[in-house]
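Notes follow the structure.
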Amino acid sequence: MALATHQAHAYAQAAATDRPDVMKYAPLVRKIASLMMARLPASVELDDLVQVGMIGLLEAARQFDPLQGVQFETFAGTRIKGAMLDELRRIDWMPRQLRRNARMIEDAIKHATQTLGYAPSESEIADELAVSLEDYQAMLGDCMGVRLVYFEDFHSHDGEELNDALANIADDNTPDPLATLADSGFRQALIDAIATLPERDQLVMSLYYEQDLNLKEIGAVLGVSESRVSQLHTQAVTRIRSKLREWL
């Protein structure tokens, strides 16, 4: 009993002695955030990542056990990256199920296009999905806000998803999304993809991105509801994504 008490006291003393100085590791937070920023869109703020990273560092200091034989910097780095990744997932508003539905629509458009040899109509896309036209349009409405590119679309040369690469701190061999989007070949592929859109989808994209009209204004031009314009916009973006799959 005395021996156990002595060991417990020794462990507590060791833990107190080896308690990490949080401020000493603050530069580690900014280093990890800066490395992540090199692979993230410009909409992500460095200071936001640093802030959540500091929370991860404080949590690491609270949970760290020096008797486990792990260096605090290694332990903290994992917690810091985890906190940042959690924040990045949080600000990506689209739930996973909706993302899967968007991918299903994208796959259906691609397969129908290959089968038919032309851009499929909404009814033909619905048939490819084996759902009614109304259900397909409802899926489009649910997926409102689908983006042309997602961070997860980019892969390393060996096929590793950047989500995994990010967790290990992306190295120089992983692709830079910003550089990919700036590539002249990608720009030309994007232009070509837009050119293959049905005329109505091209008009929606032009009114929205070139004329800066909002959905309500576009609805007035087309004589349809705002929600219908949202569906058409989602469909147009998804058509483009299906064309650009090889680039993403």
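Residues D192 and Q188 bring a donor and an acceptor atom of their side chains to less than 3.5 Å of each other. When only modelled atom types and interatomic distance are considered, E59 and Q63 share a side-chain donor-acceptor pair under 3.5 Å. Side-chain contact annotation: Y136 with Q235, donor-acceptor N/O pair under 3.5 Å present. Looking at D48 and Q51, their side chains never bring a donor and an acceptor atom within 3.5 Å of each other. With hydrogens and angles left out, the side-chain atoms of S225 and S227 include a donor and acceptor closer than 3.5 Å.
Here the CZ-CE distance, from R79 to M84, works out to 14.5 Å after rounding to the nearest 0.5 Å. Going from atom CG of L207 over to atom CG of L215 covers 11.0 Å, rounded to the nearest 0.5 Å. Rounded to the nearest 0.5 Å, atoms CG (L232) and CE (M205) are 11.5 Å apart. Considering CG of L85 and CG of L49, their distance stands at 9.0 Å, rounded to 0.5 Å. Atom CD1 in I80 sits 11.0 Å away from atom NZ in K31 (nearest 0.5 Å).
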Stepwise salt bridge (charged side-chain N to carboxylate O under 4.0 Å, His left out) check, E106 with R241:
CA-CA 7 Å; E106 182 183 333; R241 280 184 56 87; 3.0 Å; yes
*Between E226 and V229, is a side chain to side chain contact (heavy atoms under 4.5 Å, CB included) present by the stated rule, with each step listed?*
CA-CA 5 Å; E226 183 175 345; V229 175; 5.6 Å; no
Apply the test side chain to side chain contact (heavy atoms under 4.5 Å, CB included) to residues V204 and L222: give CA-CA distance (whole Å), side-chain angles for both, the deciding distance (0.1 Å), then the verdict.
CA-CA 9 Å; V204 169; L222 299 180; 3.8 Å; yes
- Query: Going through the checks in order, is the side chain to side chain contact (heavy atoms under 4.5 Å, CB included) test met by T113 and K243?
  - Reply: CA-CA 10 Å; T113 301; K243 286 285 185 181; 4.1 Å; yes
Test log, rule side chain to side chain contact (heavy atoms under 4.5 Å, CB included), inputs D135 and L129: CA-CA 10 Å; D135 286 343; L129 288 166; over 6 Å; no
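Using a distance-only test at 3.5 Å, with no hydrogens or angles considered, a donor-acceptor pair links the side chain of Q231 to the main chain of Q137. With R228 contributing its side chain and G223 its backbone, the two residues share no donor-acceptor pair below 3.5 Å. Formation of a donor-acceptor pair under 3.5 Å by the E217 side chain with backbone atoms of N214 is found in this model. A donor-acceptor pair is defined here as one N or O able to donate and one able to accept, closer than 3.5 Å; such a pair exists between the side chain of Q202 and the backbone of L197. The backbone N or O of S206 lies less than 3.5 Å from no partner atom in the side chain of Q211, so there is not a single donor-acceptor pair.
Between H233 and Y208, the ring planes lie tilted relative to each other; the angle falls in the 30° to 60° range. Ring planes of F64 and F75: tilted class, angle from 30 to 60°.
The two atoms that bring A60 and A76 nearest to each other are CB-CA, 3.8 Å, heavy atoms only. Looking at every heavy atom in both residues, S132 comes nearest to A126 through O-CB, 3.9 Å. Smallest separation of non-hydrogen atoms from V22 and A61: CG2-CB, 3.6 Å. Between A33 and L46 the shortest heavy-atom distance is CB-CD1, 3.6 Å.
By the 4.5 Å heavy-atom criterion applied to side chains, H111 and S242 are not counted as neighbours. Contact check for L140 versus I105: side-chain heavy atoms found under the 4.5 Å cut-off.
Residue I125 is not grouped with residue Y118 when hydrophobic side chains (ILVMFWY) are merged at heavy-atom distances under 4.5 angstrom, including chains of intermediate members. By the rule that hydrophobic residues join a cluster once side-chain heavy atoms approach within less than 4.5 Å of another member, L116 and I109 end up as members of separate clusters. Cluster membership for I55 and L28, using ILVMFWY side-chain heavy atoms within less than 4.5 angstrom, is not shared. Linking Ile, Leu, Val, Met, Phe, Trp and Tyr whenever their side-chain heavy atoms come within less than 4.5 Å puts I218 and I194 in one cluster. Grouping the Ile, Leu, Val, Met, Phe, Trp and Tyr side chains by contacts below 4.5 angstrom, directly or via other members, places V50 with M36.
Under a 4.0 Å N-O distance rule, the pair R200/E122 qualifies as a salt bridge.
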